[in-house]
Amino acid sequence: MLQSETGFRLLKGHLDRAAQAALVEAVLARVDRSPLFTPAMPRTGRKMSVRMTNFGPLGWVTDKDRGYRYQAAHPVTGEAWPNLPQALFDLWEAVSGWPDPPEACLVNWYGPGARLGQHIDADEDAKFAPVVSVSLGDSAKFRLGGPTPKGPTTSLTLDSGDVVVLAGPARRFRHGVDRIYPGTSTLLPPGWRPGRINLTLRRVTKGQAGQAGDRGTQPA
DNA sequence: CAGTTACG
DNA sequence: ACCC
């Protein structure tokens with residue numbers, strides 16, 4: 001939908017309601033056995049307001065003692081993360097333009113008061129691979145900046161079914177979630193938690209695209 | 001006041 | 001500048 005030379009793309013309404021509902025079903029079934037955990041900031045131990053889990057061979061976690069990292073096991077249960085739903089492989093193939101499959105799907109649940117401060121994704125060895133994000137449930141105020149801690153930011157509303165791609169230079173842009181707009185979607189089943197689920201697909205390790213000779217190049 | 005937020 |  002919105003295409004730009006920065007590598008930022010907002011695919012407004014990329015997933016229709018049926019596709020969103022099918023994805024939610026796949027997500028909730030996996031969250032049942034890989035429960036949401038409460039991440040904590042490195043050093044301070046301050047708890048984040050967003051709750052998380054992961055799918056795929058690797059998952060992003062953080063805690064006071066060991067900080068930000070990817071690991072193969074759930075930090076609470078010690079079990080391997082559930083597999084990635086096929087629909088997410090398909091989405092990655094459709095929008096990422098990257099030759100290697102995703103290895104991590106970070107599942108972020110934002111309750112009505114949750115936020116995520118401005119940050120730059122930097123924990124992946126595959127630092128040139130795009131990041132693909134899917135919004136499900138309540139709308140969110142998303143803020144996108146540039147590559148430096150200073151500089152202007154712009155805010156965008158992300159609605160259920162929207163897909164965001166951060167590729168090229170935008171892969172290293174600051175971004176965060178200022179707030180959730182409670183009650184703006186009926187997608188999440190009554191009886192589950194209210195709010196927003198964001199799925200973020202990432203390539204973590206260097207694959208074919210990370211071999212010597214084509215570092216940093218964008219595949220056709 | 002420190003840590004965080006917002007960049008309106 | 002604002003919040004706790």
Side-chain angles (χ1 to χ4, degrees), chain A residues 1-14 35-54 59-71 75-76 104-124 127-128 130-185 187-188 193-202:
Chain A
M1 178 119 320
L2 194 156
Q3 168 77 264
S4 86
E5 66 290 340
T6 64
F8 173 81
R9 277 186 294 159
L10 169 54
L11 305 168
K12 205 73 197 159
H14 185 80
L36 296 169
F37 62 90
T38 302
M41 299 301 287
R43 309 157 71 94
T44 65
R46 188 193 169 91
K47 288 173 174 159
M48 297 174 64
S49 57
V50 175
R51 298 220 207 295
M52 306 180 165
T53 188
N54 290 268
W60 189 86
V61 300
T62 175
D63 57 33
K64 183 181 197 292
D65 294 337
R66 298 176 63 197
Y68 304 156
R69 64 197 187 275
Y70 281 92
Q71 63 181 41
V76 176
C105 173
L106 176 59
V107 179
N108 283 161
W109 171 66
Y110 295 78
R115 293 157 295 153
L116 187 62
Q118 292 281 308
H119 67 279
I120 296 174
D121 291 24
D123 302 316
E124 301 76 28
K127 60 185 179 186
F128 298 106
V131 173
V132 175
S133 145
V134 182
S135 294
L136 297 169
D138 285 345
S139 300
K141 186 176 186 181
F142 179 79
R143 184 167 299 279
L144 181 69
T148 62
K150 298 192 184 302
T153 63
T154 54
S155 76
L156 298 158
T157 300
L158 297 184
D159 302 310
S160 196
D162 291 355
V163 170
V164 167
V165 182
L166 297 177
R171 174 66 175 73
R172 291 174 296 280
F173 283 5
R174 293 161 51 236
H175 56 278
V177 173
D178 290 351
R179 63 161 300 189
I180 300 301
Y181 298 106
T184 48
S185 168
L187 183 70
L188 301 188
R193 306 160 184 253
R196 171 177 187 254
I197 292 173
N198 182 251
L199 307 176
T200 315
L201 298 169
R202 294 184 181 83

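In what follows, chains are A, B, ... by sequence order, proteins preceding strands, each numbered from 1.
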Could you check whether the rings of A:Y68 and A:W60 sit parallel, tilted or perpendicular, using 30° and 60° as the cut-offs?
tilted

Just the table, please: protein N/O against nucleotides 5-7 of chain B N/O, every pair under 3.5 Å.
residue, atom, partner, partner atom, Å
B:dT5, OP1, A:R115, NH1, 2.9
B:dC7, OP2, A:R143, NE, 3.4
B:dC7, OP2, A:R143, NH2, 2.2

Classify the side-chain pair A:N198/A:S133 by whether it contains a donor and acceptor separated by less than 3.5 Å.
yes

Here the distance between atom P of B:dG3 and atom CZ of A:R43, to the nearest Å, is 12 Å

Given A:Y70 and A:E124, is the side-chain contact (heavy atoms from CB on, under 4.5 Å) satisfied, shown in steps?
CA-CA 8 Å; A:Y70 281 92; A:E124 301 76 28; 2.5 Å; yes

Report yes if some heavy atom in the side chain of A:T62 is under 4.5 Å from a heavy atom in the side chain of A:M41; otherwise report no.
no

When the C1' atoms of B:dT5 and B:dC1 are considered, how many whole Å apart are they?
16 Å

More than 12 non-hydrogen atoms from neighbouring residues, nucleotides or ligands closer than 6.0 Å to CZ on A:R69, yes or no?
yes

Identify the heavy atoms of A:S139 and A:T184 that sit nearest to each other, and give their distance.
N-OG1, 2.9 Å

Do A:S185 and A:D138 have side-chain atoms, one donor and one acceptor, less than 3.5 Å apart?
no

Taking only Watson-Crick and G-U wobble pairs with both distances under 3.5 Å, what dot-bracket line describes DNA chain B, where [ ] shows pairs that cross earlier ones and | shows pairs with another strand?
..||....

Using the rule given for side-chain contact (heavy atoms from CB on, under 4.5 Å), can you reason through A:M52 versus A:V61, listing the C-alpha separation, both sets of side-chain angles and the distance that settles it, and then say yes or no?
CA-CA 8 Å; A:M52 306 180 165; A:V61 300; over 6 Å; no

